[in-house]
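Data first, discussion second: the structure below is written as structure tokens.
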Amino acid sequence: MTDGQHIPVGHYMTEIALKSIAKGSFGDYFNNDDAIDSFGKSYDIVWAEAENKISANASKPGSAEEKCYKSALGHLKSVITDIIKHRRNNPFTNGRQLLIDFILDFDDDQLVACDALTFMIGGYHTSAYSMTWALYFLAMHTDVQDKLFTELSKTLDKNEDMTPDMIERIPYLKQVFDETLRCAVVAPWAARVNLNADSTLCGYQIRKETPVIHALGVCFRDENIYPLPHKFDPERFSKENVKTHPPHAFEPFGFAGKRKCPGYRFAQNESYIFIARIIRHFEIKMVPEQVITPVYGLVTHPDKEIWITISERMV
């Protein structure tokens with residue numbers, strides 16, 4: 001790209017997140033970029049309908065929108081079925097076992113397909129918008145970007161590949177990512193239901209089979225925990241400051257314990273590695289006169305595309 005060219009952050013972060021989960025978890029079925037793009041388009045249609053349903057704006061029965069949704073959903077199911085068939089006919093070799101290989105241990109193909117699609121969703125959508133928002137905040141706060149670049153430079157050579165075991169040596173990278181999840185409220189809510197028995201929550205009696213919604217953003221914007229909550233400040237998550245937070249004040253991947261999002265480690269490591277790679281090589285700046293507003297749904301996304309410019313860092 002030429003210097004000064006406007007680059008759509010959301011477009012590229014969505015594409016890279018989809019390629020990452022597709023190739024990293026489901027193997028060489030997605031070696032063809034056209035297959036990834038086709039899957040992504042159908043996925044977007046299905047996801048939009050899911051968000052419409054929670055806001056009571058679902059497509060009307062028999063409408064063109066519903067037919068488009070059903071066609072896209074059918075395509076996703078077809079692709080997942082083909083992935084399963086492809087991997088069973090081309091099992092892993094040389095110890096290179098992927099996520100799909102563990103899922104294939106189930107005998108029920110329908111269960112395999114549901115799990116495969118679930119993990120695809122978990123490793124794609126949230127990661128894409130986490131990285132989109134992270135680059136937005138870094139472009140908006142050049143002092144934070146410069147500090148992150150300095151820390152990365154001290155730890156990595158310019159052409160050295162970053163691996164998950166290096167993350168502990170770059171604490172500011174984790175601080176930037178955590179503050180991104182908090183400030184953007186990437187996952188606005190989580191839910192749990194006790195199917196077996198009544199329970200008590202904060203003095204309230206909750207009947208069994210009653211969904212309990214955890215509004216994550218309410219806690220993230222609590223001024224008693226996070227002063228000036230709308231300010232982007234990665235220092236909130238420094239080793240010293242984290243000690244002052246109440247237990248469970250920051251649970252961006254859902255309820256604490258074993259009920260967190262099953263793909264949260266993948267999402268974290270993927271985002272760390274890609275953000276580090278980008279900032280290590282490029283200085284990013286916002287295209288002027290943009291006003292970006294978050295849209296809260298199943299995942300929080302910008303109301304419009306975020307445009308940046310980049311320049312190569314001379315190191």
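Positions are given from 1 along the sequence. Just so it is clear, the values below take in all heavy atoms, side chains as well, and ignore hydrogens, waters and symmetry mates. What you are looking at is a predicted structure, and each value in this text was computed from that prediction instead of being measured.
Residues I308 and H6 fail the side-chain proximity criterion, which asks for heavy atoms closer than 4.5 Å.
Heavy atoms only, all atoms of each residue included: A134 and I275 are closest at CB-CD1, 3.5 Å. Of all heavy-atom pairs spanning P302 and I306, the tightest one is CG-CD1, 3.7 Å. The shortest non-hydrogen separation linking T180 to V186 is O-CG2, 4.3 Å. In plain terms, the two heavy atoms of I21 and G123 that are nearest each other are CB-O, 3.8 Å.
Within the structure, salt bridge (Lys or Arg N to Asp or Glu O under 4.0 Å) contacts touching residues 221-233 (residues at least two apart or in different chains) do not occur. Sorted by first and then second residue, the side chain to side chain donor-acceptor pair (under 3.5 Å) pairs involving residues 109-119 (not counting sequence neighbours) are R88-D109. Each salt bridge (Lys or Arg N to Asp or Glu O under 4.0 Å) pair with one or both residues in residues 169-185, not counting sequence neighbours, appears once here: K174-D178, E179-R182, E179-R236. Within the structure, no pair that satisfies the salt bridge (Lys or Arg N to Asp or Glu O under 4.0 Å) test touches residues 283-309, not counting sequence neighbours. The side chain to side chain donor-acceptor pair (under 3.5 Å) analysis of residues 126-139, with sequence neighbours excluded, yields the pairs S127-E270.
In this structure, A48 has no side chain to side chain contact (heavy atoms under 4.5 Å, CB included) partners at least two apart in sequence or on a different chain. With sequence neighbours left out, the side chain to side chain contact (heavy atoms under 4.5 Å, CB included) criterion links N241 to E235, S238. Taking L216 as the reference, A187, H214, F220 meet the side chain to side chain contact (heavy atoms under 4.5 Å, CB included) condition, with sequence neighbours excluded. Take D82 and apply the side-chain hydrogen bond (donor to acceptor under 3.5 Å, both in side chains) test, not counting sequence neighbours, and it matches no residue. Taking I121 as the reference, Y43, W47, L117 meet the side chain to side chain contact (heavy atoms under 4.5 Å, CB included) condition, with sequence neighbours excluded.
Hydrophobic clustering, defined by side-chain heavy atoms of Ile, Leu, Val, Met, Phe, Trp and Tyr closer than 4.5 Å, groups V193 together with L195. Under a 4.5 Å side-chain heavy-atom criterion applied to ILVMFWY residues, the cluster that includes W307 comprises V287 as well.
A side-chain donor-acceptor contact under 3.5 Å links S271 to the backbone of A267.
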